Amino acid sequence: MDNQLMRALQQLLQEGKVPSVALLKGRVGKQASMHELISAVQQAKTAPEKILAADTAPAPAASTAAQNSNAETSNSAEVLAELKAIRNELAWIRAHIEKQNESASDS
């Protein structure tokens, strides 16, 4: 069985879904023949533990998800830094306005 089929079956099983030809075809598209899809589904139904235990290369979607997570973390850190800078500037502006108001009321 090809690695892409194996990864797709593992994903379906890990998601708690019962593998079917339609679900599997949705994951791998036209890259697998109907015979391969049917055979893979039969194997998954008779021995799901073997499918889950099979060693496959990480799915590209997983690495993409990790990259997205890292990008989100980086973006969050940037947003927090900008927010802190804005808060500091706002505090300075408030202090400056208060000082001007005090000067105006003293006159």
Side-chain angles (χ1 to χ4, degrees):
M1 181 182 323
D2 117 320
N3 246 5
Q4 187 177 10
L5 276 174
M6 184 66 74
R7 282 193 306 268
L9 281 173
Q10 286 174 335
Q11 288 173 348
L12 288 171
L13 291 169
Q14 289 169 349
E15 292 169 7
K17 296 180 180 174
V18 176
S20 69
V21 172
L23 282 175
L24 195 54
K25 185 167 180 69
R27 299 280 171 116
V28 297
K30 296 179 180 180
Q31 298 174 356
S33 70
M34 189 58 71
H35 175 71
E36 291 172 314
L37 294 170
I38 292 169
S39 176
V41 168
Q42 287 173 342
Q43 286 180 4
K45 287 184 179 180
T46 58
E49 66 283 347
K50 286 184 181 178
I51 299 294
L52 288 170
D55 187 25
T56 60
S63 62
T64 302
Q67 289 171 354
N68 288 344
S69 176
N70 290 341
E72 287 175 15
T73 302
S74 175
N75 287 343
S76 295
E78 290 173 15
V79 169
L80 285 174
E82 288 179 33
L83 182 57
K84 286 180 183 179
I86 291 169
R87 284 181 179 167
N88 289 339
E89 189 173 348
L90 182 58
W92 180 86
I93 291 170
R94 283 180 178 164
H96 187 70
I97 290 172
E98 284 179 23
K99 189 182 268 186
Q100 283 183 340
N101 287 341
E102 287 174 7
S103 296
S105 63
D106 288 342
S107 300

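Owing to the predicted nature of the structure, the values given are computational and were not obtained by experimental measurement. These numbers come from the heavy atoms of this one structure, side chains and all, not from hydrogens, waters or symmetry mates.
Residue pairs meeting the ring-ring contact (aromatic ring centres under 6.0 Å, His included) criterion with at least one partner in residues 21-44, sequence neighbours excluded, do not occur; the list is empty.
Follow the hydrophobic side-chain contacts under 4.5 Å out from Val18 and you never reach Val21; the two are in separate clusters. There is a path of hydrophobic side-chain contacts, each under 4.5 Å, that joins Trp92 to Ile97.
A distance of 13.0 Å separates OG of Ser39 from CE of Met34, quoted to the nearest 0.5 Å. A distance of 11.5 Å separates CG in Leu52 from CD in Gln11, rounded to the nearest 0.5 Å. Between the CD1 atom of Ile86 and the CD atom of Glu89 there is a distance of 8.0 Å, given to the nearest 0.5 Å. Distance check, rounded to the nearest 0.5 Å: CZ of Arg94 to CG of Leu90 gives 4.0 Å.
For CD of Gln100, the number of neighbouring non-hydrogen atoms (other residues, nucleotides, ligands) closer than 6.0 Å is greater than 12.
Annotation for Arg27 and Gln4: closest pair O-NE2, 4.4 Å, computed over non-hydrogen atoms. Residues Ala32 and Leu5 share a closest heavy-atom pair of CB-CD2, 4.1 Å. The minimum heavy-atom distance linking Lys30 with Lys25 is given by the pair CA-NZ, 4.4 Å.
Gln10 places a side-chain N or O within donor-acceptor distance of the main-chain N or O of Ala54, the cut-off being under 3.5 Å.
Contact check for Pro19 versus Leu24: no side-chain heavy atoms found under the 4.5 Å cut-off. A heavy-atom distance below 4.5 Å is found between the side chains of Val28 and Leu37.
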